[in-house]
Amino acid sequence: MKIHVLTYSSPTNLSPVTKMDLELLDKAAREQGHVLEIIYAKDCQLKFTTRRPEILIKNQKPEDMEVLLVRANFLHYNLESYSAIIKQFQMAGIPVINNHLAVVRAKNKLRTMQALSKLKIPVPKTYVIVSSEYMDDVIKGIGTFPVILKTISGSHGSGVSIIESKRGLRSVVEMMISASGPTPFIIQEYVKEAKGKDIRVFIVGKRIIAAMERIATKRGEFRSNFHLGGRVRVASMSRKEKDVAFAAIKAVGLDIAGVDILRTKTGPKVLEVNANPGLEGITQATGRDIAGEIIKYAVKKARRSKVPVEDKEVKRD
Ligand code: ADP
């Protein structure tokens with residue numbers, strides 16, 4: 001089977017992370033007797049006429065597409081237009097992993113918070129504000145310093161900082177607002193007891209494929225991201241942690257996700273639900289064939305989408 005993968009990188013300028021992820025997927029596809037075909041977002045055209053919306057790739061209708069794996073490796077300021085490409089594939093009737101709406105929710109930390117808290121999934125105490133006017137109330141609500149300040153769109157730990165004092169928080173927030181206008185940003189309780197560690201849970205379909213603990217290593221660093229030099233090791237998870245991870249992907253609507261969980265005094269709390277989790281770190285840390293599981297899932301999804309609706313209903317019975 002041909003498995004298509006959509007990337008937002010430029011073919012001439014693939015980042016090492018994207019290159020490695022695509023190589024792992026390609027190898028896994030070949031090992032399972034399939035072929036991975038890369039689609040670059042820059043080659044996609046969205047076509048609207050009086051008929052069903054179409055997607056063209058390099059000006060051609062994709063006749064042989066059975067399933068599309070989306071690697072949503074774009075930045076937040078492109079979210080509207082780039083996620084529309086995913087939706088267009090869906091509207092053209094192609095099974096897509098992860099779907100448009102789930103990607104939109106996952107790529108915006110504010111929308112992730114809304115989706116999680118709607119289903120009462122535990123998260124660190126968080127405020128989102130667009131001005132410094134009510135800063136004192138927010139500080140009172142959080143209760144103690146340090147606090148964590150985040151942009152809505154950061155990833156790989158960029159756009160996440162720790163602020164030690166009220167004076168520091170006010171000056172940074174005012175500087176951010178004067179630099180970029182009244183954009184929303186996040187002020188969050190600092191979970192000190194996590195001690196610079198979190199758990200990255202990799203879920204494919206409805207299965208936890210692997211879980212690793214990420215540990216900040218540099219002195220004074222509280223962020224455990226792999227790309228910031230965080231150390232990784234296999235994590236074993238409690239039932240409660242697994243339940244929270246499953247609930248989080250269900251809330252956001254992702255098929256394939258990396259859920260980041262902080263271990264706190266009051267139980268596991270979800271920090272982030274990543275729609276485009278990197279494959280290399282977790283493959284190395286756990287020895288699991290993550291790319292292989294993704295390919296298997298894509299194949300299953302493609303095959304299921306071919307089963308006529310009546311047969312699917314019979315199966316469910
Ligand atoms: P990103 O999406 O950029 O990775 P995160 O919100 O996941 O941003 O934060 C990056 C890292 O910072 C996390 O993996 C975690 O180690 C640390 N961190 C983030 N928020 C908190 C918090 N509220 N308390 C303690 N550590 C945190």
Side-chain angles (χ1 to χ4, degrees), residues 15-18 20-21 73 75-76 106-107 109-110 112-113 122-128 138-139 142-173 175-176 179-180 185-202 210-237 241 244-245 248 257-286:
S15 73
V17 177
T18 302
M20 177 55 73
D21 285 353
N73 57 340
L75 296 172
H76 175 258
K107 293 218 69 102
K109 289 182 201 282
L110 167 52
T112 308
M113 277 293 160
V123 294
K125 192 187 280 182
T126 302
Y127 287 80
V128 178
V138 170
I139 290 167
I142 290 198
T144 169
F145 276 93
V147 296
I148 300 291
L149 181 67
K150 297 182 187 181
T151 57
I152 295 288
S153 56
S155 71
H156 301 323
S158 71
V160 179
S161 32
I162 189 161
I163 310 279
E164 305 285 350
S165 69
K166 192 168 167 177
R167 199 163 65 161
L169 181 63
R170 186 176 293 281
S171 63
V172 176
V173 165
M175 189 182 72
M176 283 165 72
S180 47
F185 50 86
I186 295 167
I187 300 174
Q188 193 169 67
E189 72 172 296
Y190 171 52
V191 180
K192 192 172 168 207
E193 63 271 25
K195 297 195 187 98
K197 295 183 203 151
D198 69 3
I199 309 286
R200 161 61 61 94
V201 189
F202 207 108
M212 65 177 177
E213 190 170 43
R214 307 187 300 179
I215 306 148
T217 45
K218 288 189 201 137
R219 219 169 140 221
E221 180 59 85
F222 70 99
R223 296 165 301 175
S224 57
N225 302 69
F226 183 62
H227 297 104
L228 294 175
R231 206 156 44 81
V232 289
R233 65 176 178 219
V234 179
S236 58
M237 294 174 71
E241 286 166 349
V244 163
V259 182
D260 297 342
I261 290 180
L262 284 181
R263 287 178 165 153
T264 82
K265 281 186 288 205
T266 50
K269 293 192 177 158
V270 177
L271 205 49
E272 202 190 4
V273 183
N274 194 319
N276 188 38
L279 309 183
E280 188 191 7
I282 193 147
T283 302
Q284 274 176 14
T286 64

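Start at 1 with the first residue, then count along the sequence.
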Just how far is it from atom CG of Asn73 to atom OG1 of Thr18, taken to the nearest 0.5 Å? 4.5 Å
How many angstroms lie between atom CG of Leu169 and atom CD1 of Ile187, to the nearest 0.5 angstrom? 4.5 Å
Taking every heavy atom of Val244 against every heavy atom of Pro268, the minimum-distance pair comes out as CG2-CG, 4.0 Å
Look up atom CD1 in Ile162 and atom CD in Glu221, then write down how far apart they are to the nearest 0.5 Å. 9.5 Å
Note, Thr264 side chain near Pro124 side chain (heavy atom, < 4.5 Å): no
Heavy-atom distance under 4.5 Å between the side chains of Gln188 and Lys109, does that happen here? no
If the condition is salt bridge (Lys or Arg N to Asp or Glu O under 4.0 Å), which residues does Glu241 pass it with, not counting sequence neighbours? Arg263
Given Glu213, which partner from the list Arg231, Met237, Lys197 fulfils the side-chain contact (heavy atoms from CB on, under 4.5 Å) test? Lys197
Separation between CG of Asp198 and CE of Met212, rounded to the nearest 0.5 Å: 8.5 Å
Distance-only criterion, 3.5 Å: show the donor-acceptor pairs between side-chain atoms of residues 270-283 and protein atoms not counting sequence neighbours.
| unit_1 | atom_1 | unit_2 | atom_2 | d |
| --- | --- | --- | --- | --- |
| Asn274 | OD1 | Asn276 | N | 2.8 |
| Asn276 | OD1 | Arg71 | NE | 3.1 |
| Asn276 | OD1 | Arg71 | NH2 | 3.4 |
| Glu280 | OE2 | Gln284 | NE2 | 3.3 |
| Thr283 | OG1 | Leu279 | O | 2.5 |

To the closest 0.5 Å, what do you measure between OG (Ser15) and CE (Met20)? 11.0 Å
Which is it for Met113 and Ile186 under the side chain to side chain contact (heavy atoms under 4.5 Å, CB included) test, yes or no, and what are the steps along the way? CA-CA 10 Å; Met113 277 293 160; Ile186 295 167; 5.5 Å; no
Closest contact, heavy atoms only, Ala211 versus Ile199: CB-CG2, 4.4 Å
Ser171 side, atom OG; Lys166 side, atom NZ - distance, nearest 0.5 Å: 13.0 Å
Between Phe145 and Ile139, is there a side-chain heavy-atom distance shorter than 4.5 Å? yes
Smallest heavy-atom separation, Val234 atom then Ala285 atom, equals CG2-O, 3.2 Å
Intermediate values then yes/no, side chain to side chain contact (heavy atoms under 4.5 Å, CB included), Ile148 and Tyr190: CA-CA 6 Å; Ile148 300 291; Tyr190 171 52; 3.6 Å; yes
Just by modelled atom types, is the Lys265 backbone N or O under 3.5 Å from a matching donor or acceptor in the Glu193 side chain? yes
Within-4.5 Å side-chain heavy-atom neighbours: Arg200 and Asp260: yes
